[in-house]
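Throughout, a chain's letter reflects where its sequence line sits, starting with A, and its residues are numbered from 1.
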Number of protein chains: 2
Amino acid sequence: MKLPLNDQERFGLHLGLVARLWRAEIDRRLAAFGLTESRWLTLLHLSRLAEAATQRELAEAVGVRGPTLVRTLDRLEAEGLIERRTEAADRRTKSVHLRAEAIPVLERIETTAAAVRAEIFSDISHAEVTTCLRVFEKIAGKLGGAETTMQLTHQIPMDR
Amino acid sequence: MKLPLNDQERFGLHLGLVARLWRAEIDRRLAAFGLTESRWLTLLHLSRLAEAATQRELAEAVGVRGPTLVRTLDRLEAEGLIERRTEAADRRTKSVHLRAEAIPVLERIETTAAAVRAEIFSDISHAEVTTCLRVFEKIAGKLGGAETTMQLTHQIPMDR
DNA sequence: TAGCAATAGGTAGCTATCTATCGAATGTCC
DNA sequence: GGACATTCGATAGATAGCTACCTATTGCTA
């Protein structure tokens with residue numbers, strides 16, 4: 001039973017581990033600014049989406065389920081970084097907006113993320129990165145179905 | 001601000017997402033047998049470690065911290081799949097042992113994991129897998145320090 | 001050998017993810 | 001136009017990861 005692992009087995013085991021290490025590192029660097037990955041990732045996607053994104057659109061962009069985003073937004077709203085507005089057109093939906101207070105925070109996020117990337121990728125070639133991305137998208141295509149693939153490539157259709 | 005993402009940015013964003021999809025898929029397939037990833041992963045590592053592994057050694061193999069393993073072992077012990085024994089040599093440590101009831105469960109895990117791998121990797125070449133593994137280990141080396149690198153390559157030193 | 005540092009496992013509490021479900025609002029189809 | 005299905009955001013509860021701290025035991029060292 002105590003066989004050495006083959007490469008496919010090792011891939012499965014290491015994927016989750018590296019993802020946890022990555023998240024922990026970013027959390028560590030941004031903790032001093034009161035940010036965790038789920039919060040800064042949400043802010044970042046919000047800044048890159050069209051104006052007046054709904055919670056549903058934002059959740060899809062970030063890659064989490066609705067209830068997960070609800071709690072993240074609760075915290076960001078309590079911290080005064082975003083606000084939710086009920087839209088007259090469809091009173092079920094709420095649009096999410098960055099507040100002015102979020103601008104310096106976003107700048108800090110961009111700076112820190114760039115520094116982490118420069119450090120992490122210093123000895124990883126561009127070809128290696130694109131290979132990983134191709135593998136990620138193949139896996140997401142199989143596991144997540146069409147929606148996730150579109151989400152991964154940031155081609156979110158407007159009519160969903 | 002609404003710039004397209006470069007490949008390094010996309011890598012960071014997709015890593016966590018694919019890891020969550022992967023975990024959700026395996027949990028879905030093994031849920032019918034009362035297993036979740038943390039539990040079957042722990043059983044699998046236990047079956048591949050030397051006899052009488054301590055909790056510390058097992059935690060390092062699985063890649064989680066001590067308190068995380070404590071809860072997982074609590075559940076596995078309650079389900080009758082493993083048992084903890086206090087060793088006379090060092091009464092601080094407890095060795096973890098598979099019980100006979102775990103054998104069919106492990107067979108089910110191995111079968112299911114092999115099926116998932118065959119499906120996921122059907123259109124991913126061996127070269128792509130090894131490139132990803134090389135990237136994972138470079139990142140783990142930078143983020144996790146020496147111990148994690150050793151853990152990733154399964155060269156756990158005996159004298160720690 | 002007495003005291004103190006280090007180690008193993010456990011507990012408490014935080015964050016974040018998920019599924020299942022709910023209420024309100026909207027849309028659709030006879 | 002009324003009944004039913006769908007969609008959106010929120011809530012509840014489960015699981016799993018972490019750090020910080022605690023107790024018991026071991027071992028080193030002055």
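Atoms CG (B:L17) and P (C:dT17) sit 11 Å apart, rounded to a whole Å. Atom CG in A:L143 sits roughly 14 Å away from atom P in C:dC18 (whole-Å rounding). To the nearest angstrom, P of C:dT7 lies 13 Å from CD of B:E60. Distance, A:L69 CG to C:dT17 P: 9 Å, rounded to whole Å. Straight-line distance from the CZ atom of B:R91 to the P atom of D:dT26: 5 Å, rounded to whole Å. Per the geometry, CD belonging to A:E77 stands 12 Å off C1' belonging to D:dG9, to the nearest Å. Between the CZ atom of A:R65 and the C1' atom of D:dT11 there is a distance of 17 Å, given to the nearest Å. Between the CG atom of B:L76 and the P atom of C:dG9 there is a distance of 16 Å, given to the nearest Å.
Separating the CD1 atom in B:I139 from the CG atom in A:L17 is a distance of 11.5 Å, to the nearest 0.5 Å.
In terms of phosphate contacts, B:R20 brings a side-chain nitrogen or oxygen within less than 4.0 Å of OP1 or OP2 of C:dC18. Put simply, B:R56 has no side-chain N or O that comes within less than 4.0 Å of OP1 or OP2 on C:dG9.
Pairing each heavy atom of A:Q55 with each of A:V96, the nearest pair is CG-CG2, 3.7 Å. Contact between A:E57 and A:L49 at its shortest, heavy atoms only, is O-CD1, 4.3 Å.
Remark: the B:T93 side chain and the B:E87 side chain contain no N/O donor-acceptor pair separated by less than 3.5 Å.
Residues B:E107 and B:E110 form no side-chain contact, since every pair of their non-hydrogen atoms from C-beta on lies 4.5 Å or further apart.
Mapping B:S95 and A:E87 onto DNA chain C by nearest heavy atom places B:S95 closer to the 5' end of the strand.
Between A:R84 and A:D74, at least one side-chain nitrogen of the basic residue sits less than 4.0 Å from a carboxylate oxygen of the acidic one, meeting the salt-bridge criterion. With respect to A:D27 and A:R39, no salt bridge is recorded, no charged nitrogen being found less than 4.0 Å from a carboxylate O.
The aromatic rings of B:F136 and A:F136 lie parallel to each other, with less than 30° between the two planes, well short of the 60° mark.
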## Note on the structure
Its contact letters, B for base, S for sugar-phosphate only and - for none at protein heavy atoms under 4.0 Å, make nucleotides 1-6 of chain C read ------

Which pairs, protein N/O on one side and nucleotides 10-16 of chain C N/O on the other, fall under 3.5 Å?
residue, atom, partner, partner atom, Å
C:dG10, OP1, B:R84, NH1, 3.1
C:dG10, OP1, B:K94, NZ, 3.3
C:dG10, OP2, B:Q55, OE1, 3.2
C:dG10, OP2, B:Q55, NE2, 2.6
C:dG10, OP2, B:R84, NH1, 3.0
C:dT15, OP1, A:R75, NH1, 3.0
C:dA16, OP1, A:T36, OG1, 2.1
C:dA16, OP1, A:S38, OG, 2.9

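Hydrophobic clustering places A:I26 together with A:F33 (ILVMFWY residues linked when any side-chain heavy atoms are closer than 4.5 Å, directly or through intermediates).
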